Amino acid sequence: MSRFSLAPVLTPLSPGTEGMLVVSGINLMSSRSGKNRQLHHTDEYEYDHLILRRGQPFDMHLQFQQPYDPEQHRVCLEFLIGERLPRHPQSSWQGHYCTERAHNSDSPPLGQGTGNKLSLAGISSPHPFLIPSLAEDSVYMGKTDCLEEYILNESGRIYYGTETQIGERTWNYGQFDKGVLDACLYVLDRRGMPHSSRGDPIMVSRVVSAMVNSLDDNGVLVGNWTGDYSRGTNPSAWVGSVDILLQYHRTNYPVLYGQCWVFAGVVTSVLRCLGIATRTVTNYNSAHDTDVSLTMDIYFDEKMKPIENLNADSVWNFHVWNDCWMTRPDLPSGYDGWQVVDATPQESSSGIFCCGPCSVEAIKNGLVYMKYDASFCFAEVNSDKVYWQRQADGSFKIIYVEEKAIGHLISTKAVGSEKRDDVTYLYKHPEGSEAERKAVETAAKHGTKAHIYTNKEWAEDISLTVDTQEAVMGQDVTLRVTLHNKGTAARNVSLNLFVAVMYYTGVTGSNFKQVQREVRVPGGGGNNPALSPSGGGAGPCRRWGGGALSPSGGGEAEAVGKSRAGWERGQQLRNRLLVGALYTLGISCRCGSAQYTWVAVPGSHTRCRCSPDHCTRLQF
């Protein structure tokens, strides 16, 4: 916690006064059950120090060795906050209060004395410890139940898995535990954040976003997606933020290791501790746009095989970040409220690995030019997947656009219960609605491929869905592809199936199965060809940093379809629709009492999704 020092200056008001007042005791009334801590709503902090929220009155008592006479004595108090006083006063806050208002017209009256005791009243610093319950504060949140959840609740739920297999883990935020406040303030100090800026929740949340990951500034956590955690702690082993923050403060070194849900859990702890209403949010099918195109671009060669070196964008089957509540005076009216903050180091922002705060309302409407990092956040929840095929002349042509693949079941813990709350409606208009498509096209105009929606060249009359039966590990899996022709003319369709392994971050391995099927879809009808990507049986899960997984009951598998479609125009009077379908194969298994889920999909590298710390590959 920042140093709080009190320097009383005691002088007689007139030359005739005998001697100077001598202070024998100072009572800051700092106990957790005392008036100050109760009124400032800081009694939950496990400290015996005086902890005040900004700009609010507080009381204290001075004890003198002789009687205090307001007619004869003048008392001035100087309050100092900051480690570097007085060498760097710009990084600190000072408050001056005197019993004689004529000497300091801006100061409130200090109070009244009785005998040797003087009761004082002051106003706290305008900078740290925001007040979400005060209407004038920039982090004001009017609903009491929301304050209870997003400020005072010390535990919560973090969701993971896939949209069809949602998992949850309990997380101990512990924002009021002994030592956590010191650690949170140390995070701001480590970044060199001046005290004069700590009253601005926009800057505080941005600094916390940068400091919770270790890149650039040796912040709190080192991210690790390699599967080798031998030098630190497996990300899945963490159950809360307290040990992480205390270790960082104690050692002054980044803690090993974290992944997205760990980064987000720590951010929730820090911001709640500092008085900013914060929640942990999970987005399923979360996109990672690497080139600011505002689309997820997948490239194929002439034979519909993925071009691995071009497929830098990825789709995580889940990603976790934070919402925090504040006003945005730096934006036009209407963009206050929930703001996205993401501490997982994915892309740099102004040269630093941080993300946000970004207005959720701006994301919803595709206003990607608003501060901060709105383009990246929009792509995570509402970008289209665009499939490109290389042509004979080396150019690329759009062959299919998948409009509803990204941003599903955006979830957070419900207020006042342990249920999951779906907040997708805050981030995007209903899928396929006019408002949602307008938001996508508005965003794309500010991306690096702004021309995509200007002249639509892809066909939209063939739709594709994929279903699968429940499968047992070691046995074949049957995928059922359903094609529906919305037009009146029949279409000849070429289905290409590629199956491969994928981490939960969307990075994929080499194909282990490929099937091709030719079908004809009559106008207004459908066709259901069954494709069985068998490959000799599924082998056991191999160890990946956290101990071997032993599937219980054989394990279960499910398949999810990812379609690629394109038009070929021949010399004959017909159109041929080419669909290269890449399917994910998701398998869940049990290890002890915990359930882990991982997914297999095509691409170039291997990544596990729901429990990236336990599995490295599937053998078929």
Side-chain angles (χ1 to χ4, degrees), residues 1-6 28 30 32 36-37 40-56 58 79-85 87-95 124-132 137-139 151 154 173-214 217-221 241-255 265-278 322 324 341 343 354:
M1 134 181 218
S2 295
R3 183 175 64 195
F4 175 86
S5 60
L6 171 63
L28 295 176
S30 59
R32 295 178 65 181
N36 285 332
R37 297 282 296 274
H40 283 249
H41 301 287
T42 60
D43 52 299
E44 294 285 347
Y45 293 92
E46 295 178 3
Y47 288 83
D48 294 324
H49 308 305
L50 179 62
I51 303 175
L52 304 175
R53 296 197 184 273
R54 64 177 182 176
Q56 296 298 290
F58 65 97
F79 300 88
L80 308 176
I81 294 179
E83 294 293 338
R84 296 182 175 86
L85 281 174
R87 294 183 180 180
H88 305 285
Q90 71 276 8
S91 67
S92 310
W93 169 79
Q94 293 178 272
S124 59
S125 160
H127 304 313
F129 300 110
L130 302 136
I131 316 175
D137 203 286
S138 55
V139 294
I151 292 288
E154 295 186 71
Y173 297 119
Q175 65 267 32
F176 303 123
D177 281 17
K178 182 72 173 180
V180 170
L181 176 57
D182 297 281
C184 293
L185 293 174
Y186 173 71
V187 167
L188 303 184
D189 292 338
R190 182 73 175 260
R191 182 66 183 173
M193 187 177 192
H195 284 260
S196 58
S197 299
R198 298 186 185 187
D200 182 356
I202 300 172
M203 291 296 101
V204 169
S205 61
R206 190 158 175 80
V207 166
V208 169
S209 167
M211 282 298 299
V212 166
N213 70 73
S214 65
D217 41 32
N218 290 319
V220 177
L221 271 168
S241 308
V242 176
D243 290 344
I244 296 170
L245 289 168
L246 294 186
Q247 179 180 329
Y248 179 66
H249 189 208
R250 182 179 67 255
T251 64
N252 300 332
Y253 285 99
V255 178
V266 172
V267 168
T268 296
S269 299
V270 174
L271 293 182
R272 285 187 184 182
C273 182
L274 297 177
I276 301 176
T278 307
N322 301 91
C324 51
V341 172
C354 64

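Source: prediction; values computed, not measured.
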Intermediate values then yes/no, salt bridge (charged side-chain N to carboxylate O under 4.0 Å, His left out), Asp189 and Arg198: CA-CA 10 Å; Asp189 292 338; Arg198 298 186 185 187; 2.5 Å; yes
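- Residues satisfying the salt bridge (charged side-chain N to carboxylate O under 4.0 Å, His left out) test with Arg32, not counting sequence neighbours, are none.
- A donor-acceptor contact shorter than 3.5 Å is absent between the side chain of Asn322 and the backbone of Thr278.
- Residues Met193 and Met211 form no side-chain contact, since every pair of their non-hydrogen atoms from C-beta on lies 4.5 Å or further apart.
- A 4.5 Å side-chain heavy-atom check between Ile244 and Leu221 finds at least one atom pair inside the cut-off.
- Proximity of a side-chain donor or acceptor of Glu46 to a complementary backbone N or O of Val180 within less than 3.5 Å is not detected.
- Summarising the local packing, CG of Asp48 is surrounded by 12 or fewer heavy atoms from other residues, nucleotides or ligands at distances under 6.0 Å.
- Contact annotation: the side chain of Leu246 never approaches that of Asp177 to less than 4.5 Å [non-hydrogen atoms, C-beta and beyond].
- Side chains of Ile51 and Asp43 form no contact here, defined as non-hydrogen atoms less than 4.5 Å apart.
- Without hydrogens or angle criteria, Tyr45 side chain to Cys273 main chain gives a donor-acceptor distance under 3.5 Å.
- Residues Val204 and Asp200 form no side-chain contact, since every pair of their non-hydrogen atoms from C-beta on lies 4.5 Å or further apart.
- Using a distance-only test at 3.5 Å, with no hydrogens or angles considered, no donor-acceptor pair links the side chain of Ser196 to the main chain of Pro194.
- Considering every non-hydrogen atom in both Leu181 and Tyr47, the closest pair reads N-OH, 3.3 Å.
- With respect to Val208, the side-chain contact (heavy atoms from CB on, under 4.5 Å) criterion is satisfied by exactly one of Ile276, Val341, Leu271, Val266: Leu271.
- Note that NE2 of His195 is 8.0 Å distant from CG of Leu185, once rounded to the nearest 0.5 Å.
- Taking the side chain as every heavy atom from C-beta outward, Leu52 and Thr42 never approach each other to under 4.5 Å.
- In terms of heavy atoms, Ala343 sits closest to Val267 at CB-CG2, 3.6 Å.
- The minimum heavy-atom distance between Gly275 and Arg53, with the atom names listed, is CA-NH1, 3.8 Å.
- Remark: side-chain polar atoms of Ser269 are paired, donor with acceptor, to backbone N or O of Tyr173 under 3.5 angstrom.
- Taking all atoms of both residues into account, the shortest heavy-atom contact from Phe176 to Ile151 is CZ-O, 3.7 Å.
- A donor-acceptor pair is defined here as one N or O able to donate and one able to accept, closer than 3.5 Å; such a pair exists between the side chain of Arg37 and the backbone of His49.
- Checked by atom type and distance alone, the side chain of Asn36 never pairs as donor or acceptor with a backbone atom of Ser30 at under 3.5 Å.
- Note on ring orientation: taking the six-membered ring where Trp is involved, the planes of Tyr186 and His249 are tilted (angle from 30° to 60°).
- For Asp217, the side chain to side chain donor-acceptor pair (under 3.5 Å) partners at least two apart in sequence or on another chain are Arg191.
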